[in-house]
Amino acid sequence: MALHPLPALVEQLATQPIIFIGGKGGVGKTTTAAALASYYANQGKKTLIVSTDPAHSLGDVLNVPLKNQKTVVTPYLDAIELNPDIIVDEHFAQVERTITSYANPDMMPKIREHLRLSKSAPGAQEAAMLESMCQHLVAAADAGYEHIIFDTAPTGHTLRLLVLPEMMGAWTDGLLAQQRRQAKLRSVANHLDSHNINSSQNDINKDVPNPFAEKKSDRWEQAVSVLEKRKQLFRQSGLLLHDHAKTAIVLVMTADVLPLAETKRAIEQLEDSKLMPAAIVINQLILPTQSDAFWRHRAERQQQLMQDIEQNFTHYPLYPIYLQQTDVRGTDALSALVSPASQ
């Protein structure tokens with residue numbers, strides 16, 4: 001497939017409100033994501049860009065200090081750099097509040113210690129980040145954003161986040177099923193308890209209920225309610241991710257051997273999950289007309305690899321970004337990178 005001019009990517013994605021930018025580390029994901037966000041914002045489209053990469057380079061590219069909450073960059077552009085540490089703390093604080101509502105108070109010191117240790121357990125940060133991403137994803141449309149663009153962490157992390165909503169939904173279903181079984185057992189126990197109390201105090205008050213039954217039931221219902229809300233959140237996110245009319249996944253790579261191999265693997269995994277990429281951006285290309293021998297050799301090597309790229313990715317549109325003389329920083333320079341007027 002022949003290369004397409006970069007402004008065609010802007011047009012291709014113009015009607016898709018959700019855009020994920022992924023790829024190997026160091027290939028220019030953040031610059032690509034920020035360029036698209038800046039361009040749409042300059043066109044008067046309310047846009048939110050969210051960085052899930054712990055490297056925190058989005059603020060550097062936009063030339064604006066960012067944090068874990070929304071920061072207004074321009075009248076039409078908001079940005080967030082998700083902070084994994086803050087998100088994990090908030091996630092486990094919510095877990096503790098839920099457990100506190102029904103657990104025996106004597107157990108809470110041990111439970112708190114267990115939760116503290118669980119923060120560093122494998123997958124804990126991913127689960128917390130996923131839930132935060134899903135919340136932003138689902139809330140963006142209600143907040144009036146026409147585009148929400150995710151600048152993601154390197155490929156492997158991105159792929160896990162994209163397929164996790166289904167996995168987390170199934171895991172939540174398992175917890176809910178367990179809660180329902182326990183609720184049935186409690187119901188039977190409470191009924192028997194109430195019957196025994198009424199029998200033994202028949203001469204005092206035949207209608208004496210178990211004083212703890214209703215309160216405990218309410219507490220368990222609160223826990224179930226939290227799980228139900230999480231299940232609904234993951235379900236909504238999964239539906240959005242698999243809706244090709246609403247969500248586009250753009251992979252960024254450079255014309256080098258390792259990014260080529262990683263992009264091939266990423267596409268295979270995405271296709272297996274029915275999450276087809278919308279486009280591939282080849283970044284940091286060098287114009288072949290070079291007077292210096294070193295750069296001429298690099299350009300020739302890239303041209304050889306471009307043949308492999310075109311042969312391997314025949315089903316996906318390819319968009320080139322050529323190496324810039326200076327760093328691209330700030331919304332105006334980023335917007336110009338993909339603007340039709342600058343081509």
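Side chains are part of it too, since the values below use all heavy atoms of this structure and drop only hydrogens, waters and symmetry mates. Owing to the predicted nature of the structure, the values given are computational and were not obtained by experimental measurement.
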OG1 on Thr30 to CD on Glu81, rounded to 0.5 Å: 8.5 Å
From His147 atom NE2 to Thr15 atom OG1, the distance as rounded to the nearest 0.5 Å: 8.0 Å
Any side-chain donor near an acceptor of the partner, Arg235 and Gln232, under 3.5 Å: no
Minimum-distance pair of heavy atoms, taken over all atoms of Gln12 and Ala278: NE2-O, 2.9 Å
Asp327 atom CG, over 12 foreign heavy atoms within 6.0 Å: no
Single-linkage hydrophobic cluster, 4.5 Å side-chain cutoff, Met253 and Leu258 together: no
Heavy atoms from other residues, nucleotides or ligands near CZ of Arg298 exceed 12 (cutoff 6.0 Å): no
Interatomic spacing from CD1 in Ile249 to CG in Leu275 - rounded to 0.5 Å: 4.5 Å
Check against salt bridge (Lys or Arg N to Asp or Glu O under 4.0 Å), Lys46 and Glu146: CA-CA 5 Å; Lys46 189 66 176 174; Glu146 294 183 66; over 6 Å; no
Minimum heavy-atom distance His242-Lys274, with the two atoms named: CD2-O, 3.7 Å
Residue His114 excluded, over 12 heavy atoms near NE2 under 6.0 Å: no
Within 6.0 Å of OH in Tyr145, more than 12 heavy atoms from elsewhere: yes
Over all atoms of both residues, closest heavy-atom pair of Leu305 and Ala255: CD1-O, 3.0 Å
Greater than 12 external heavy atoms within 6.0 Å of Met107's CE: no
All side-chain hydrogen bond (donor to acceptor under 3.5 Å, both in side chains) counterparts of Lys67, not counting sequence neighbours: none
Verdict with supporting geometry, Arg116 and Glu113, salt bridge (Lys or Arg N to Asp or Glu O under 4.0 Å): CA-CA 5 Å; Arg116 185 186 68 80; Glu113 177 63 14; 2.7 Å; yes
Residues, nucleotides or ligands: over 12 heavy atoms within 6.0 Å of His244 NE2: yes
Gap separating the NE2 atom of His91 from the CD1 atom of Ile86, nearest 0.5 angstrom: 15.5 Å
Nearest atoms (heavy-atom pairs only) where Gln284 meets Val27: NE2-O, 4.0 Å
